[in-house]
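Atoms within a ligand are numbered from 1 in the order they appear, just like the ligands themselves. Note that the numbering runs from 1 along the sequence shown for the chain.
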Amino acid sequence: MTNSYDVLVIGAGFAGVTAARELSHRGRSVLVLEARDRLGGRTWVDHQLGLDLEMGGTWVHWLQPHVWAEITRYGIEITQSPPAEQAYWHAGGTVRHGSADELLVKLDPGMIATLADSRDYFDRPYEPFLRDNLDDFDQQTVLDRIAALNLPPDEDELVRGMWALNFNAPPQVAGLTQALRWCSAASGSWQLLFEACATYKLKHGTRSLINAMAADTDAEIRLHSAVNSVTRTATGVDVRTASGQRFTARDVIVTLPMNALSGIEFEPGLSALKQAAAAEGQASRGVKTWVKVRGEVDPCYLLGGPDLPLTFAQPEYKVDGDTVFVAFGPDGIRVRPDDVDAVAKAIAVWRPDFDVIDVAGHDWVGDPYSRETWPMLRPGQLRQLRDLQQPEGGLHIAGSGYGTGWAGFIDGAIESGLRTARRLIAGGAPA
Ligand SMILES: Cc1cc2nc3c(=O)[nH]c(=O)nc-3n(C[C@H](O)[C@H](O)[C@H](O)COP(=O)(O)OP(=O)(O)OC[C@H]3O[C@@H](n4cnc5c(N)ncnc54)[C@H](O)[C@@H]3O)c2cc1C
C-alpha cells in the first residue's frame, strides 16, 4: 500500500467528501483522513428519544443550488417539518400567544429593516467581494444595526432573538455582512431565508446523502485517522496522524472548521490572516437540543429574546403519544444539550405546563473536531474569508465556513468542496 497520493483530504464532512469525489472522478489518487468513526462531520443522525434525530445540520432548500443538485443527482427524498399554526413569544418579561402569522407580522418590520441593504452590498451573493470597500462596514454587528432601528421594545427583543437563533450566538458577536450575505442568497427576503433554514429536510436523514456521495467516489476514506501536522515541502505536503502514520501528496485540502484549525500544527505556519481567523474563531457557540414533552402538542413556534437560555423551539415529531421539539440557544455552556433540568426550565419560560421527559443533543462546541456549530462570521472577518479561500502552495482550505454563497450551511460545504477541487483540477487556476 502506498502512502503517497495526488491529494490528501483532511475531514470527511460534506466539503471533504465532495472534493474527494470530484478529484477521484478526474483520475487523481485521493486519500481522505477522518478523525471520527463516521462520515458527515457536523451532520450526524443518532438514534435518541426513540427516533433517528439529526444532531447537527438538517434543513435544506431548493434555493441552495449545490445541495439541491446533489439531492437530484442521487434521488434523495425530502420531507417537511410540521408547519407551525400557533406561536408563543416572550418579550418584555411576558408571554403572548397568537397565530404563527401574527408572530411573523410582528417580526416583519424589524427583519426587513435589518436586512434592507443586503442586495445593495451583496447584489451577487456568490461574489461577496464584488464591492471592494467593505472593510469599515464589515466591522458592524447585527446588534449595531438593530439598535439603530429604534423598534418598539418587544419587536426589538424578538428581532434580536431571531438573530441569536440564526447565528447560534449572541447578536453582539454576529457580523452584519454575514447576515446580509445570507439574505442576499435568499433573494433579499427574510421570510424565504427563514423557510430555507427550518422547513425541508432529508427523509432518511443527512446520512442518506453523505453515504450516496461517499459511495460515488474512487477515493480511499480512512476513519479513526486524526491528523496532527501538515508540513509543506519542496515537492508538496507531508501529513502525519496522531497514531504516527505519514502520508505525502502534491496537495492537501484541509476541511476543518475554523475553530478547530488550531488542532493541526502547520509548518510553515498559515498566513497571518488565516492564523488570526483561527485564533479568534467564528461566532457560533450555541446549542441545538431535542426535547421530549409529554402528550401531543400542535405545531407551533416558541420564540424569545437573545437573553433567554433557549431562544427558539418547534415540534418536529410525535412519538408514542408524546411530542419531540427541536430547540436552539445562543450559549452552549449555559444550556447543555443533554441537561434535562436546564432545558425544562428554559422551555417553561413559554409553557410552564409542559412536562419535559427527556432531552438529547451533541455538544459541538466542546467537540475537539468541530469547536463550533454552524459557522457564522464575526464582525471584521469578511477580509479573513478572502484570505482563507486562497491556497498557500499545495495547501487548500475548504469547508462550509469558507463558502461563498450559503456559507454556514451544508450547501456552503459542498460549494467550497467543488470550488477547491476545480482549482486543483485546473492546476491552480482561481477557484
Ligand atoms: C447543530 C447544528 C445545526 C445545523 N443546522 C444546519 C441546517 O439545518 N442546515 C444546514 O444546511 N446546515 C446546518 N448546519 C451546518 C452544517 O452542518 C455544516 O455547515 C456542514 O455540515 C459543515 O460541513 P464541512 O464539511 O464544512 O465541515 P464538517 O462537517 O465539520 O467536516 C469536517 C470534518 O473534519 C474532521 N476533522 C476535524 N479535525 C480533524 C483532524 N485533526 N483530523 C482529521 N479529521 C478531522 C471532522 O471530524 C469532520 O468530519 C448545522 C450545524 C450544526 C452543528
Take a 6.0 Å sphere around NZ of K318 and say whether it holds more than 12 heavy atoms from other residues, nucleotides or ligands. yes
Of all residues at least two apart in sequence or in a different chain, which pass the ring-ring contact (aromatic ring centres under 6.0 Å, His included) check with F137?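 If we apply the ring-ring contact (aromatic ring centres under 6.0 Å, His included) test to F137, skipping adjacent residues, the hits are Y121.
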Ligand 1 N/O to protein N/O, distances under 3.5 Å:
from     : atom 1 : to   : atom 2 : distance (Å)
ligand 1 : 8 (O)  : T58  : N      : 3.1
ligand 1 : 8 (O)  : W59  : N      : 2.9
ligand 1 : 9 (N)  : W59  : O      : 2.9
ligand 1 : 11 (O) : W59  : O      : 3.4
ligand 1 : 11 (O) : I410 : N      : 2.8
ligand 1 : 12 (N) : I410 : N      : 3.4
ligand 1 : 17 (O) : R42  : O      : 3.4
ligand 1 : 19 (O) : S400 : OG     : 2.8
ligand 1 : 19 (O) : G408 : O      : 3.0
ligand 1 : 25 (O) : F14  : N      : 3.2
ligand 1 : 25 (O) : A15  : N      : 3.0
ligand 1 : 26 (O) : S400 : N      : 2.7
ligand 1 : 27 (O) : R42  : NH2    : 3.1
ligand 1 : 29 (O) : R42  : N      : 2.8
ligand 1 : 30 (O) : R42  : NE     : 2.7
ligand 1 : 30 (O) : R42  : NH2    : 3.2
ligand 1 : 41 (N) : V227 : O      : 3.0
ligand 1 : 42 (N) : V227 : N      : 2.9
ligand 1 : 44 (N) : A35  : N      : 3.1
ligand 1 : 47 (O) : E34  : OE2    : 2.6
ligand 1 : 47 (O) : R36  : NE     : 2.9
ligand 1 : 49 (O) : E34  : OE1    : 2.6
ligand 1 : 49 (O) : E34  : OE2    : 3.2

Under the salt bridge (charged side-chain N to carboxylate O under 4.0 Å, His left out) definition, can you give me all pairs with a residue in residues 30-52, not counting sequence neighbours? R36-D367, R42-E372, D52-R207
Give a yes or no on whether a salt bridge exists between K288 and E54, defined as a side-chain N under 4.0 angstrom from a carboxylate O.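 A salt bridge is absent here (no side-chain N lies under 4.0 Å from a carboxylate O).
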E415: which residues meet the salt bridge (Lys or Arg N to Asp or Glu O under 4.0 Å) condition with it, sequence neighbours left out?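 Once residues adjacent in sequence are excluded, the partners of E415 under the salt bridge (Lys or Arg N to Asp or Glu O under 4.0 Å) criterion are R419.
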Give a yes/no verdict on a cation-pi contact between R294 and F354, requiring under 6.0 Å between NZ or CZ and the six-membered ring centre and an angle within 45° of the axis.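 That pair does not qualify as a cation-pi contact.
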